[in-house]
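A quick write-up on the structure given underneath.
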Amino acid sequence: MAKGTKIKSEVTDSATRLQEIAEMRLGTLPDETILSLLSERTRLLELQRAYEERQREEAEILALEKKRREEKEKTTRELRKKQEELEAALAELNRLIIPDKADEELLELIARRKEIEKTLGDLGREALSSSRAGQEKPSAIPAAGGGEDVSYHKRETVPGGKEVLTAAPVMEAPISVEGEKEKEEFGKEGIRDDEIKEGSEFHRYLDQLKNNIGSLGTLLQEMPADAKKNKAFMLKVAEIDPAYAMHYADLDTLKRNEDFNIRVASLRNPRNSGNALSEMLPEARTSKVVLAAVKRDYRNVRFIQPNMDDYDEMMRIAKKAALERVKDLKEATDIELLIPRPLQQDKEFMTEVKESIVYG
């Protein structure tokens, strides 16, 4: 039986059992039986809530991806329309530039042609940038049907008999040559870090975003390039929605700035619109960035790699937080939903998890 089918079946069975408990005449039962039924009901309700929350998150991510695709398609159509209009204007100018014209008129026509050619070049670069941005898709929460995490791990025995976690086939793009630049040069080019002053243009942009949260993606798409390169401004945007801020941050500057990535990864997403780490360039998910994310939410352990400097520390933090969560839920815990796959591969840790469920 597939994992998703199994979980769905368990939830269906729990709903049936809850209905049975609701129809029981508890007053005729012994105290011990009543207490046992109440405990069972609490556990089943927690299971249903966890399943419903997971379904809701998956639906939100799918809706966000659909909206982004629609926004990208709309932008592409608008760019194509502008290009067609400019190309038609350019063809008309070429038709008008003939030797019979006066020198002044010819110079004016040539100047206009240069302007159109420059605009066409800008549109071409904008279309390329939009295409690159479209390739950065948020990673949906693994579906109950068995979707894969970003990176799984497995145990292997190394010389000396010690077991270690190693990476199984990873679904990340390889680190590019750009990602191997010296850290002090990584993402420094062209970044602006101006203070957001009251009444400034950036301050007006922020007010516009805060007052139109439902149109956040469209507004950020239309923001000028200077805004998307401005570190202070985009960090303010990240306070509203870190996933959107990372998605629209300038590709060649902020997305490659480790301090910016760390600060965004540390933020909670109040809108649950996605995971900021999924919007990052693979080579920008450095050890420090992922460590900050794991400290905020242990489930981000799925982004770690065994060769990261803070690998042991991240695993320790994730295990501690996951175990605390298990102890909070007790019998209501569904390990498959609650424990990230990389942690599930650690047999010793999973034994501790199961013991905490049984013995508290």
Side-chain angles (χ1 to χ4, degrees), residues 1-63 140-149 152 267-275 293-302 314-360:
M1 181 183 293
K3 177 184 171 185
T5 305
K6 178 182 176 183
I7 293 176
K8 187 174 181 179
S9 175
E10 288 175 354
V11 173
T12 302
D13 292 343
S14 69
T16 303
R17 180 57 178 162
L18 284 170
Q19 183 64 31
E20 291 174 356
I21 294 173
E23 294 173 356
M24 287 181 180
R25 299 178 61 184
L26 299 181
T28 63
L29 302 174
D31 292 347
E32 294 79 4
T33 303
I34 294 173
L35 291 174
S36 176
L37 288 169
L38 292 178
S39 176
E40 182 183 2
R41 183 174 65 180
T42 299
R43 178 179 64 79
L44 294 174
L45 287 171
E46 284 289 349
L47 174 64
Q48 284 195 322
R49 275 195 289 269
Y51 178 76
E52 290 167 0
E53 176 66 15
R54 185 185 184 92
Q55 295 294 98
R56 183 188 67 78
E57 290 177 351
E58 290 178 358
E60 287 179 353
I61 290 175
L62 289 174
I141 295 174
E148 299 295 316
D149 277 328
Y152 292 171
L267 294 172
R268 185 181 67 85
N269 190 339
R271 300 176 69 231
N272 292 320
S273 60
N275 191 325
V294 171
K295 286 180 178 179
R296 178 181 56 78
D297 187 337
Y298 72 89
R299 290 173 295 182
N300 284 314
V301 72
R302 65 193 181 100
M314 285 187 277
M315 291 296 287
R316 184 191 66 78
I317 292 171
K319 288 176 183 178
K320 180 181 178 183
L323 193 58
E324 288 175 354
R325 183 61 176 155
V326 167
K327 289 179 179 178
D328 287 342
L329 293 177
K330 297 180 180 177
E331 292 88 354
T333 300
D334 187 314
I335 292 176
E336 290 184 340
L337 290 174
L338 197 64
I339 306 297
R341 294 269 182 91
L343 298 185
Q344 290 187 34
Q345 302 302 315
D346 188 327
K347 294 180 181 179
E348 184 178 338
F349 172 68
M350 293 308 295
T351 298
E352 186 177 1
V353 168
K354 292 172 183 176
E355 288 176 351
S356 70
I357 294 174
V358 176
Y359 302 110

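Atoms considered below: every heavy atom in the structure, side chains included; atoms not considered: hydrogens, waters and symmetry mates. Since this is a predicted model, take the numbers as computed values, not measurements.
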Can you name the closest pair of heavy atoms from [X] and [Y] and give their distance?
X	Y	value
Asn275	Asn300	ND2-OD1, 2.8 Å
Leu37	Ile21	O-CD1, 4.1 Å
Asn272	Glu60	O-OE1, 3.0 Å
Glu40	Arg17	OE2-NE, 2.8 Å

Straight-line distance of [X] [atom1] to [Y] [atom2], nearest 0.5 Å:
X	Y	atom1	atom2	result
Glu58	Ile61	CD	CD1	7.5 Å
Gln55	Glu57	CD	CD	10.0 Å
Ile317	Met315	CD1	CE	11.5 Å

Report yes if some heavy atom in the side chain of [X] is under 4.5 Å from a heavy atom in the side chain of [Y]; otherwise report no.
X	Y	answer
Arg341	Arg302	no
Gln48	Leu45	yes
Arg56	Glu52	no
Arg41	Leu38	yes
Met24	Thr33	no

Margin query: I'd like to know if Glu46 and Arg49 make a salt bridge, using a cut-off of under 4.0 Å between side-chain N and carboxylate O.
Written below: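 Arg49 and Glu46: salt-bridged.
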
Margin query: Can you list everything that forms a side chain to side chain contact (heavy atoms under 4.5 Å, CB included) with Ala322? Sequence neighbours excluded, please.
Written below: Tyr298, Ile339, Leu343, Phe349

Next item on the list: Please say whether more than 12 non-hydrogen atoms of neighbouring residues, nucleotides or ligands are located less than 6.0 Å from CZ in Arg296.
Entry: yes

Note to self: Can a donor-acceptor pair be found, under 3.5 Å and without considering hydrogens, that links the side chain of Asn269 to the backbone of Gly274?
What the structure shows: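 Between the backbone of Gly274 and the side chain of Asn269 there is a qualifying donor-acceptor contact (under 3.5 Å).
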
Margin query: So does Lys347 get a backbone contact from the side chain of Thr351, meaning a donor-acceptor N/O pair under 3.5 Å?
Written below: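 A pair under 3.5 Å: yes.
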
